[in-house]
Amino acid sequence: MQSWPRTEEEALAVQDTLRSRVVLTPGPMSPATVAGLDVAYDGDRLAAAVVVLDAADLSVRDTAVVRGRPAFPYVPGLFAFREVPALLEALDRLTVRPDVLVCDGQGLAHPRRFGLAAHLGVLTDMPSYGVGKTRLVGEYEPVGEERGARSPLIDSGETVGAVLRTRAGVKPVFVSVGHRIDLDTACALTLRLTPRYRLPETTRAADHACRLAVATIRM
DNA sequence: GCGACAG
DNA sequence: ATCTTGTCGC
């Protein structure tokens, strides 16, 4: 396909080029299918999984898992370069075409506004956004304790995402747009995907899938 | 120089 | 991400 950056300097240059291709548009308002993506590690080996759920009842429609090696060391801000190759390969193996990608990490809530969700969105040109478990950048006011409460995530004066409470009394998640979707739609979809747990069912399904696969690597 | 820092 | 016991609660 193409060369992959081998140094932080090269990776920064790639982000600088690709970020101009991010498209900020509303919707998709009623996606029929939603995909969750996640990666699990075992030493220098990894397993990437993509699970497509039916947006109506959250049932599994398709699953794809690939094993491989991290494509880059973990560096805050350059995290995407580590998992993107394996995730793209898994996406290629899907039979069911997802309408939205729900990524494990940040979208525009990134120091250069180009986190994993934006990166994957641009490379696939599919609607994409991120749901992170912890913060990378930005400040925010305390979020209401009830499910659905949200507080804008602001970095350098601009709103880069939302801190969203998906379960009453449980630590909120960090939602940010990636590509071809808006923040309100992303938050609304996230709430539909969290009928019971803190993290979206998409993320949970992908997490289970790649963990099973990574366990298989060692046996 | 001292923290902060997606997964 | 991953390393890790017991423990509180539905």
Side-chain angles (χ1 to χ4, degrees), chain A residues 4-5 8 11-12 14-15 18-19 22 35-51 65-88 90 101-123 128-140 147 153-156 159-164 166-179 183 186 190 194-200 202-218:
Chain A
W4 200 250
E8 293 188 23
L12 288 170
V14 171
Q15 288 188 328
L18 295 181
R19 64 178 169 183
V22 167
L37 304 79
D38 193 25
V39 176
Y41 297 81
D42 178 41
D44 64 340
R45 300 280 294 149
L46 63 73
V50 181
V51 179
V65 182
V66 303
R67 301 185 314 177
R69 307 267 183 186
F72 205 82
Y74 172 67
V75 178
L78 298 179
F79 170 60
F81 293 95
R82 187 175 177 71
E83 309 187 335
V84 162
L87 289 173
L88 287 178
L101 303 183
V102 181
C103 306
D104 191 10
Q106 319 296 327
L108 301 190
H110 175 278
R112 291 170 295 285
R113 308 292 179 262
F114 199 66
L116 175 67
H119 204 134
L120 277 174
V122 164
L123 295 186
S128 168
Y129 75 96
V131 177
K133 295 180 286 296
T134 59
R135 182 199 74 99
L136 174 58
V137 297
E139 306 83 47
Y140 57 97
R147 166 178 154 79
L153 179 63
I154 300 171
D155 185 46
S156 300
T159 296
V160 296
V163 186
L164 178 69
T166 56
R167 277 203 74 186
V170 173
K171 182 198 297 184
V173 295
F174 298 77
V175 178
S176 62
V177 159
H179 183 64
L183 189 56
T190 298
T194 53
R196 176 160 189 189
Y197 300 101
R198 177 198 178 213
L199 299 179
T202 36
T203 299
R204 290 166 47 75
D207 181 68
H208 290 161
C210 63
R211 286 202 194 196
L212 280 181
V214 87
T216 297
I217 292 178
R218 348 180 56 241

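Chain identifiers are assigned alphabetically (A, B, ...) following the order of the sequence lines, protein sequences preceding nucleic acid strands; residue numbering begins at 1 within each chain.
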Rounded at 0.5 Å granularity, tell me how far OG1 in A:T194 sits from CZ in A:R204.
11.0 Å
Just how far, in rounded Å, is C1' of B:dA6 from CG of A:D38?
12 Å
Can you figure out which of B:dC5, C:dA1, B:dA6 approaches the side chain of A:K133 most closely?
C:dA1
Atom pair distance, as rounded to whole Å: OH in A:Y129 and C1' in B:dA6:
16 Å
A:R198 side chain to A:P172 backbone, donor-acceptor under 3.5 Å
yes
Check every strand shown and say whether A:L78 touches a base, only sugar-phosphate, or nothing at a heavy-atom separation below 4.0 Å.
base
State which of C:dT2, B:dA6, B:dA4 makes the closest approach to the side chain of A:R211.
C:dT2
Hey, are A:D155 and A:R113 close enough for a salt bridge, meaning a charged N less than 4.0 Å from a carboxylate O?
yes
Under 4.0 angstrom between A:T134 side-chain N/O and B:dG7 OP1 or OP2:
yes
Looking across every strand, which nucleic acid part, if any, lies under 4.0 Å from A:G130 by heavy atom: base, sugar-phosphate, or nothing?
nothing
Given atom OH of A:Y41 and atom P of C:dA1, what is their separation to the nearest angstrom?
9 Å
Starting at CG of A:L87 and ending at P of B:dG7, how long is that distance when rounded to a whole Å?
14 Å
Rounded to whole Å, please give me the gap between CD in A:Q106 and C1' in B:dG7.
10 Å
If only side-chain N and O atoms count, and only distance matters, is there a donor-acceptor pair under 3.5 Å linking A:E83 with A:Y41?
yes
Once you round it to whole Å, what is the distance between C1' of B:dA6 and CG of A:D155?
13 Å
Which nucleotide wins on minimum distance to the side chain of A:E83, given the candidates B:dG7, C:dT2, B:dA6?
B:dG7
How is A:G132 classified with respect to the nucleic acid when contacts are heavy atoms under 4.0 Å: base, sugar-phosphate, or nothing?
sugar-phosphate
On the nucleotide B:dC5, are OP1 or OP2 found under 4.0 Å from the side-chain N or O atoms that A:R135 carries?
yes
Could you state the atom-to-atom distance from CZ of A:F174 to P of B:dA6 in whole Å?
10 Å
What's the CD-P distance between A:Q15 and B:dA6, to the nearest Å?
14 Å
Does any N or O in the side chain of A:R147 come within less than 3.5 Å of the main-chain N or O of A:T166, such that one atom is a donor and the other an acceptor?
yes
Stacking check: are the rings of A:Y74 and C:dA1 less than 5.5 Å apart at their centres and under 30 degrees in tilt?
no
